[in-house]
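Structure first, then comments.
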Amino acid sequence: MKPRDYIRQTIYAIIMTSTISCGNPPKATEPDQREETPVIKYLSGYYNPTDDTWEKADTAYEQIIRFEGDSLAFFSKQGGNGLPNTIGVVDRSGRVCVQPIYFSSTLKPSYGFWAVQDSLQKIGLVDLKGDEIIVPQYDDIFLIPEYMDIDLNLIKVKKEGKEGFINREGTVVIPLTYHSLTLAGKNRIMFMQAPQRWGIMDYQSNIIVDPIFTHSATFENGTARLQQANGETYLVGMDGSMKKVNM
């Protein structure tokens with residue numbers, strides 16, 4: 001029977017489908033234990049519509065895979081050489097959407113990606129073609145509406161306590177050197193230089209406004225309402241212009 005030790009309800013901070021992990025992850029000081037596995041496009045076996053299951057897969061894989069009314073299902077692969085089981089995602093046609101080399105995965109894609117974890121609980125992304133776009137390496141990947149509604153091509157990531165942004169190809173756009181970042185608008189990012197000291201920069205890390213504000217905000221109709229440490233409030237434009245708000 002496939003172990004169903006569910007890790008976090010989501011891999012990143014969004015309301016998504018639940019994730020499943022196989023086995024207990026080793027200590028972080030150990031190397032990733034993913035086994036080298038040939039890519040498989042389809043599982044052997046057949047779909048049983050009466051029971052909504054995939055059955056008679058190769059003996060290396062789970063023999064009865066339950067869809068439970070969904071179009072996708074997790075399936076496990078027995079670990080070789082003493083390694084724990086790994087999991088993947090399959091659809092009702094037997095097509096393997098996520099290769100069975102991970103220790104957890106989201107059941108459904110979000111914004112074009114499945115979020116997956118290795119044995120060290122590092123997170124990566126698999127695209128709709130099933131290709132691993134980002135090798136598991138981040139502590140968090142934020143595929144959340146708050147950011148994706150502003151710019152689908154930019155993804156916030158976190159590693160070792162520092163945040164940055166990557167694009168959908170996995171290329172780092174904003175280096176992971178900041179304590180906190182907020183996507184404020186197209187080509188505008190709010191960065192925290194120190195506690196309660198926020199500024200604004202563009203995607204090329206050019207500073208538009210120095211870190212003088214006590215909180216972050218998104219731009220609405222071209223302006224953001226921000227406050228300085230002395231309590232003064234300003235309407236800040238995307239070009240860095242500031243207009244004091246009379247209280």
inquiry  = What verdict does the side-chain contact (heavy atoms from CB on, under 4.5 Å) test give for Leu43 and Phe75, after you've listed the backbone C-alpha separation in whole Å, the side-chain angles of each residue and the deciding distance to 0.1 Å?
reply    = CA-CA 10 Å; Leu43 281 180; Phe75 71 103; 3.9 Å; yes
Are [X] and [Y] close enough that some pair of their side-chain heavy atoms sits under 4.5 Å apart?
X      : Y      : value
Asp131 : Val126 : no
Tyr61  : Pro100 : yes
Gln227 : Thr214 : yes
Thr223 : Glu220 : no
Lys159 : Leu176 : yes
Thr233 : Lys244 : no
Phe191 : Pro211 : yes
Glu163 : Ser180 : yes

Once rounded to the nearest 0.5 Å, what's the spacing between atom [atom1] of [X] and atom [atom2] of [Y]?
X      : Y      : atom1 : atom2 : value
Ile133 : Leu128 : CD1   : CG    : 9.5 Å
Tyr178 : Thr182 : OH    : OG1   : 13.0 Å
Gln228 : Met242 : CD    : CE    : 6.0 Å
Asp202 : Asn187 : CG    : CG    : 5.0 Å
Gln117 : Thr106 : CD    : OG1   : 10.0 Å
Ile134 : Asp127 : CD1   : CG    : 10.0 Å

Would you tell me whether [X] and [Y] have side-chain atoms, one donor and one acceptor, within less than 3.5 Å of each other?
X      : Y      : value
Tyr234 : Glu232 : yes
Glu55  : Thr53  : yes
Tyr138 : Glu160 : no

So, for [X] and [Y], which heavy atoms are closest and what is the spacing to 0.1 Å?
X      : Y      : result
Leu183 : Arg188 : CD1-O, 3.6 Å
Ile87  : Ser104 : CD1-CA, 3.8 Å
Ala115 : Leu125 : CA-CD2, 4.0 Å
Gly240 : Val209 : CA-CG2, 3.6 Å
Pro175 : Ser205 : CD-OG, 4.0 Å
Trp198 : Met190 : CZ3-O, 3.6 Å

task = Give a yes or no on this: more than 12 heavy atoms of other residues, nucleotides or ligands lie within 6.0 Å of atom NE2 of His179.
result =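 Open: at most 12 neighbouring heavy atoms sit under 6.0 Å from NE2 of His179.
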Is a salt bridge present between [X] and [Y], judged by a nitrogen-to-oxygen distance below 4.0 Å?
X      : Y     : answer
Arg66  : Asp52 : no
Arg95  : Asp91 : yes
Lys108 : Asp70 : yes

Taking a hydrophobic cluster as the set of Ile, Leu, Val, Met, Phe, Trp and Tyr residues connected by side-chain heavy atoms closer than 4.5 Å, whether directly or through intermediates, do [X] and [Y] fall within one such cluster?
X      : Y      : value
Tyr203 : Phe219 : no
Leu72  : Tyr46  : no
Leu152 : Ile166 : yes
Phe213 : Met238 : yes
Leu181 : Ile144 : yes

task = Would you check, one step at a time, whether the test side-chain contact (heavy atoms from CB on, under 4.5 Å) holds for Met148 with Phe142?
result = CA-CA 9 Å; Met148 306 309 289; Phe142 299 86; over 6 Å; no
request  = Could you tell me whether Lys156 sits above the aromatic face of Tyr147, with NZ or CZ closer than 6.0 angstrom to the six-membered ring centre and within 45 degrees of the axis?
outcome  =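 No, Lys156 and Tyr147 do not form such a contact.
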inquiry  = I want to check a possible cation-pi pair here: Arg92 against Phe67, using under 6.0 Å from ring centre and within 45° of the ring axis as the test.
reply    =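 Yes; both conditions hold, so Arg92 lies above the ring face of Phe67.
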Is the backbone N or O of [Y] less than 3.5 Å from a side-chain atom of [X], with the two atoms forming a donor-acceptor pair by type?
X      : Y      : result
Asp58  : Ser44  : no
Asp210 : Ile212 : no
Trp114 : Leu107 : yes

request  = Begin with the C-alpha distance, continue with both residues' side-chain angles, and end with the deciding distance and a verdict on side-chain contact (heavy atoms from CB on, under 4.5 Å) for Ile174 and Ile189.
outcome  = CA-CA 9 Å; Ile174 300 295; Ile189 294 171; 3.6 Å; yes
task = Show the numbers, then the answer: is there a side-chain contact (heavy atoms from CB on, under 4.5 Å) between Asp118 and Tyr102?
result = CA-CA 5 Å; Asp118 65 12; Tyr102 302 101; 5.6 Å; no
